[in-house]
Every structure is written in structure tokens, then in C-alpha cells.
Protein chains: 2
Amino acid sequence: MSNIQDVAARANVSITTVSRVLNSSLHRVNPRTRERVLKAIQELDYRPNALARGLLMKKTMTIGVIIPDISNHYYAEIVRGIQDVGDQHGYNIVLQNTDRRQERIVKSIYLLREKIVDGVIFSGGIIHGFEPLSALKELKDRVVVIGRHEANFPAVLVDNIGGASQAVQHLADLGHQRIGFIGGPQASTTGADRLRGYQSALAQNGYPTEAGLISLGNLTPRSGYEAARKLLGERDRPSALFAANDLMAFGAVYAAREMSLQIPEDLAVVGFDNIPLSSYLVPSLTTVEIPMHSLGVAAMETLIDLISRNPFEWMRWFKTRLIVRGSTARNHL
Amino acid sequence: MSNIQDVAARANVSITTVSRVLNSSLHRVNPRTRERVLKAIQELDYRPNALARGLLMKKTMTIGVIIPDISNHYYAEIVRGIQDVGDQHGYNIVLQNTDRRQERIVKSIYLLREKIVDGVIFSGGIIHGFEPLSALKELKDRVVVIGRHEANFPAVLVDNIGGASQAVQHLADLGHQRIGFIGGPQASTTGADRLRGYQSALAQNGYPTEAGLISLGNLTPRSGYEAARKLLGERDRPSALFAANDLMAFGAVYAAREMSLQIPEDLAVVGFDNIPLSSYLVPSLTTVEIPMHSLGVAAMETLIDLISRNPFEWMRWFKTRLIVRGSTARNHL
DNA sequence: ATGAAAGCGCTAACAG
DNA sequence: CTGTTAGCGCTTTCAT
């Protein structure tokens, strides 16, 4: 692996000159000299060592991304968005999975600090209690959070409350009076917000909030299945179910079919997320679309502005969109 | 951000001593001195700079992962496996999405070289034609490939041929004589192998290979849907469909339902991958399980052995497993 | 237009 | 048991 010295020697110039053509600095370098250097670089297949450069410049063009689990579609999509804009600006990302475990979050932060990342994007789990944490202090002004609005950090957000309430309103408009809710973990902002949206829409329509109409799952299809079995097993079963994510909605539909309920005739179902498969469930799933990729894009844009000390928006909100399909309306498959 | 000098000063020792307690080298350091250093480290919240260390040691504890697209479940799951073992050994990963585009693959390789990664795991797209490529030469002996068996690099593999053929045999055993195939892109090894498995199983049973029974998609549910519409539209339609992945199988089932075909009575369907939702399709999807997470784990294990110059297996094969569910058998939902 | 030299933060001989 | 010193590969004053 050749270094800048090798190039300099081969081109018969000083390493300073090599550095100059490399960084096409403002410094003018004689065209003929530049040619020689370029040729040497090519012949040696030289690539500048990013570690050395980073050490000196205190800038690595690397950012850390801390998420619960990359195998979760939601986060994978966000990460893709982050990378797409990162690529355009020459940033790479190093990924950390935490499974929402505190000690892993802390470890990740320390680690990213050691690796000298230029910034961090954080999503899922709690980071706010960590403020006294010195690790974060170092990075404090180069952190962007996705999905939490407790302030403290610049954030990219989704209107989960509005989306959930829109979903429930859709059901109410269809004439449903008993609308069940299959919620996600209430420890997460997203989970809590979707429940709030559900409740607020019920209130809006003058329906009482019945504990018997709510069951919490862990976002897996299986938990949705179980929650639905429970909810649909009651004597006064709901005529509609709103699940906090599509995966659980799939489980709920499965449960309903198992109990010989026709969808949407006997039971209407609405999901949340609009995963790629949602339109291929039979009947296709009415759901609330959430712009995952855009969240990642926005977060990375904000982080780059932060790093570059450009003006930036402290909070960027994204709207959700209700997509009506066959699981609530007769005229669709 | 304090450095090793600050710690040394505060503890009244040389930086060498600090380095020693940091790396708990074999070098003995006086317990009392060590205490002082540790205290200083804590007070200053000091963390060693990984860039400086990496520059000197020529080891960064970072590996590069090059995949087509992290938002694809298959790769996300693999990456999770890679990270799980990486975490245990202190390795971080930097992720590169290529969308299978040559120029992006090349760019990724160069970039990882600049960042001085200790090794690379590659999956999806072609890397073999690149061997003359100098970028790869540098890393040549620290590359592990997932899913390609053209040799050249240590590889972690899945028996796609066997899996596909097992799926088709299952259909044949059920008495199906006309079995359609919805394939993936033939440019990918995986896609080609699954087709070969299909064909070999047909041959095994003495069935001819009919072009009219095969339709290729691009692995999306939509393409599966379209392929199925086409295949099922023929006058002599197949009684069973084997899709090269679950996503397309979902699309195929949707198409069948749209055409009022009962599953599995009128049409049996088998998928490939066993994604989490496959058991929540109605009826649940018979499919071929592929151990994605294990692929990542095995790849990372191999890479670590490579880096550590431990003995390693040049090829690690993984078996698939047929999971029979309702889309082919009457007695399941 | 080019080069010499200093130094980013760290580890590893080599001394003592 | 502890310290001094020499770099790892690069960019950047400061000279020339």
C-alpha cells in the first residue's frame, strides 16, 4: 500500500505538492508538475489514508447511526435514506444496533466518539436521560434524533398522533362504533403517540375509551394475531380493528380469517406504515403511510447542516397519509 | 476533547504509562500508579482516539459491508448477523449500498480502502470481474463473499438449487404435473440457482421444461403478481406455482384470488425465503427457509479468522428447509 | 510555484 | 516499573 511519500518520490516533487494536487487546493501548481503527480498516483494506485487525514483535520466524513435493529423494515428504510444523502455528500455511516437496550446505547455512543464521527443520528430508545453523560456532551451539537419530540436535540418527526386519529376517523366515518386498538410498546414515543391518536379520535366522535377494546402487542405479526384473538373473543366484539403497525394488522387479519370473519364485511382492519406487502394482503390493507425514507433523508440533511454550521430547522415534521384499500372498503379487492 | 497527554499530565506520569494501563499490556504497572491514571481518565472522561491508534497499528477494528440495498429484508437480516458477531469481537461495520451497480461497487471498494478497513464482506452483484482492479488487490486476502460460488474468495453459501428443487418436488409429490415458475433476475447467482433447482426437479420427475411455464420478475410483489397473471392466463394453466421469493409469492396469491382461484384447491403456491409475514398470509405460505442471519454470522466469523490468520473454511454451505403450510396443504389454514 | 518542518494522538522499541 | 523517542500518513504554515 503506497503512501504520499511514494508518490512524491516517483513524481520527483515534495509531499506538499502531492497533497496540493490531491486537494486541488487554491494553491496553484504548475500544470506540468500536476501531470507528473497525477501519473504517479495512477501508476501506484495511490489512495490517501483517511485515518491520517482525519487525525489531522478532525473530520472523518463518517457519521454514526444508532438504531434498535437494522433487520426491522422501518429502520432499514430510514438508514437507506440517510445513506442516499450521505453518499451525495461523501459521508459514510457506521451502524450500531442497540435493541433499545440502555447499556448498548451508551456503549455505542462511546464507541462512536472513539471513532471520531462527525455526527450522530439517533432513532429508537431513549437518549434524553443521557444528557449528563459525558459521551454525548462531546457530540452534543452534532446529533439529530428521529421520532422523538422531547426537544433537546434537533429532530425529524412524524405526526403519528394525527395519522392514527385519521385512521380511526376513517373507521368511524364508515359507521363503526366499536373500534378496537392493537397497540405497540408504550415505552416508545411512536407507540404512545399512536395510542393517543386512537383515543383522541374516539373522543372526537363521542365514543368512550374502553379498556376492553385495547390490547398491546410488540409489533410482530404474532402479537397482532394474539391481540386480535383476544379482542375478537369478547362477547361484544369490535366491528373494526386498528393496529399500530402493518405487521400486527397482518396477524389480526389472520386471526379474523381463522375465526371465519369476512373482511371487510364482518371486520374492518386498518394498519400503519404501509409496508410493501400491505397492498398484497387479501383483501389489501388499508393503512397509514409513513415516509420512512424521507425521515432518513431529512435527518441526514439536518445533520450535514449542523456539521457545516449552516442554518437548520430544529424540528422537521412529516405528515402521514391514509391509504384506503380493501380491508375497510367493499369496492376494493 | 482530552487526549492521552492530558491524562498523563493530570496523573503525573508519562503518556507511555497511560498507554500501558489503557492496553493492560503485559507490562506491569504499579497498582498505585495505575489507580492514579484510571482516576485521571475517569475525571477527564478520556477516550483513546481510534484514528491515531489505527494509523499506527494498521488495524481499525472496522470492516466494510457491501450489499445492494439495506432496505431489502434479506440483506438487512444478513447485516444484523454480521453485526452480532462483530459486536462480540469489537468490530464495527461501515455499510455501502450499491444497488448492484458496477460503478458504485467500485467506488465502495476504493472508499473502504481509504478508510483502512480490516476486511470486507461482499454480497450481491459481481465482484469477480474486478480482480484486476487494484483496489481489491489491497484487500484481496480479507474479503468474504456471501452467495456466490465462483470461488476466488472464501464464501458463505446457500443451497438454493437444492432448496428450489425440494420445493418443486413437494409440489410433484402432491400430484401436480404442471408447475409454473416465477423467477428472479438471472443475473444474480441466487436467481439463476433457483431456476436450475426448479428445472432439475422437473427433469427428475420426467416433466419437460416448458417455456410457457416460466416467467421472470424482479423480486417485488408487483412483479410476482404480474407474472402470475400471465402464467394463470394461459389456456392450459399450471396447477401450482413456485416463486423464487416470498414477496413474489404474495403477489401471485393476490393474482390468484383476484381470478377467483382457491388456494390450495385450485392453485398451490410455494415461496422462498420464509420472511416473517409468510406464515400470516391467508392461507399461510409454504416456503423454503433460508438462514439469512446465519449467513451473516458465518461470513463475519470467517472474516475474523481471515484477519487473525486463523485456519478457516474456504466454503461454508448452508442448507435450506422446506416449511409446509396452508398454501399447498389442505390441513393448514 | 515549490519545499521543509511541525504536529494531529497514539504505541512500541529502547533505555534506565 | 517508568520515561524518552521515533514515527504511522497526512495537511498546513512559513520560507524560498
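Proteins come first, then strands; the chains are lettered A, B, ... in the order of their sequence lines, and each starts at number 1.
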I'd like to know whether A:Glu301 forms a salt bridge (charged side-chain N to carboxylate O under 4.0 Å, His left out) with A:Arg316, so could you lay out the CA-CA distance, the side-chain angles of the two residues, the decisive distance to 0.1 Å, and finally the verdict. CA-CA 11 Å; A:Glu301 288 173 349; A:Arg316 283 182 66 177; 2.9 Å; yes
For B:Asp69 and B:Arg100, what are the C-alpha separation, side-chain angles and deciding distance, and is it a salt bridge (charged side-chain N to carboxylate O under 4.0 Å, His left out)? CA-CA 8 Å; B:Asp69 179 14; B:Arg100 297 179 188 278; over 6 Å; no
Could you go through B:Leu295 and B:Tyr74, starting from their C-alpha distance and side-chain angles, then the distance that decides it, and tell me whether this counts as side chain to side chain contact (heavy atoms under 4.5 Å, CB included)? CA-CA 10 Å; B:Leu295 293 180; B:Tyr74 175 76; 3.9 Å; yes
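When atom types are taken as modelled, the side chain of A:Arg104 and the backbone of A:Asn97 share a donor-acceptor pair closer than 3.5 angstrom. A donor-acceptor pair is defined here as one N or O able to donate and one able to accept, closer than 3.5 Å; no such pair exists between the side chain of B:Thr33 and the backbone of B:Val29. Not a single donor-acceptor pair under 3.5 Å links the side chain of A:Asp99 to the backbone N or O of A:Arg101.
Distances from the side chain of A:Met57 to the nucleotides D:dT12, C:dC8, C:dT11 place D:dT12 closest.
Of the side-chain N and O atoms in B:Asn49, none sit less than 4.0 angstrom from OP1 or OP2 of C:dC8. The shortest distance between the side-chain N/O atoms of B:Ser19 and the OP1/OP2 oxygens of C:dC10 is not below 4.0 Å. In this structure, A:Lys58 reaches the C:dG9 phosphate: one of its side-chain N or O atoms is under 4.0 Å from OP1 or OP2.
Axis angle, first five pairs versus last five pairs of the helix from C:dA1-D:dT16 to C:dG16-D:dC1: 40°, rounded to 10°.
Annotation: side chain to side chain contact (heavy atoms under 4.5 Å, CB included) contacts of A:Gln186 (sequence neighbours excluded): A:Ala192, A:Leu195, A:Leu216. Every residue two or more places apart in sequence or in another chain that forms a side chain to side chain contact (heavy atoms under 4.5 Å, CB included) with B:Ala299 is listed here: B:Ile121, B:Val144, B:Ile146, B:Val156.
Screening residues 8-19 of chain A for salt bridge (charged side-chain N to carboxylate O under 4.0 Å, His left out) gives A:Arg10-A:Glu43 as the qualifying pairs, with residues at least two apart or on separate chains.
Pairing each heavy atom of A:Ile67 with each of A:Val79, the nearest pair is CD1-CG2, 4.0 Å.
Less than 4.0 Å separates DNA chain C from at least one heavy atom of each of the following residues of residues 4-11 of chain B: B:Ile4.
Nucleotide C:dC10 holds its C1' atom 16 Å from the CZ atom of B:Arg47, rounded to whole Å. In this structure, B:Lys59 places its NZ atom 19 Å from P of C:dC10, rounding to the nearest Å. Atom CG of A:Leu55 is separated from atom P of C:dT11 by 12 Å (rounded to the nearest Å). One atom, CG of A:Leu51, and another, C1' of C:dT11, lie 15 Å apart when rounded to the nearest Å. Protein atom CG of A:Asn3 is 14 Å distant from nucleotide atom C1' of D:dT11, rounded to whole Å.
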Could you list the protein-to-nucleotides 2-6 of chain C atom pairs, N/O on both sides, closer than 3.5 Å?
residue	atom	partner	partner atom	Å
C:dT2	OP1	A:Thr33	OG1	2.4
C:dT2	OP2	A:Asn30	N	2.7
C:dT2	O4	A:His27	NE2	3.4
C:dG3	OP2	A:Ser14	N	2.8
C:dG3	OP2	A:Ser14	OG	3.2
C:dG3	OP2	A:Thr17	OG1	2.8
C:dG3	N7	A:Arg20	NH1	3.4
C:dG3	O6	A:Arg20	NH2	2.5
C:dA4	N7	A:Thr16	OG1	3.4
C:dA4	N6	A:Thr16	OG1	2.9

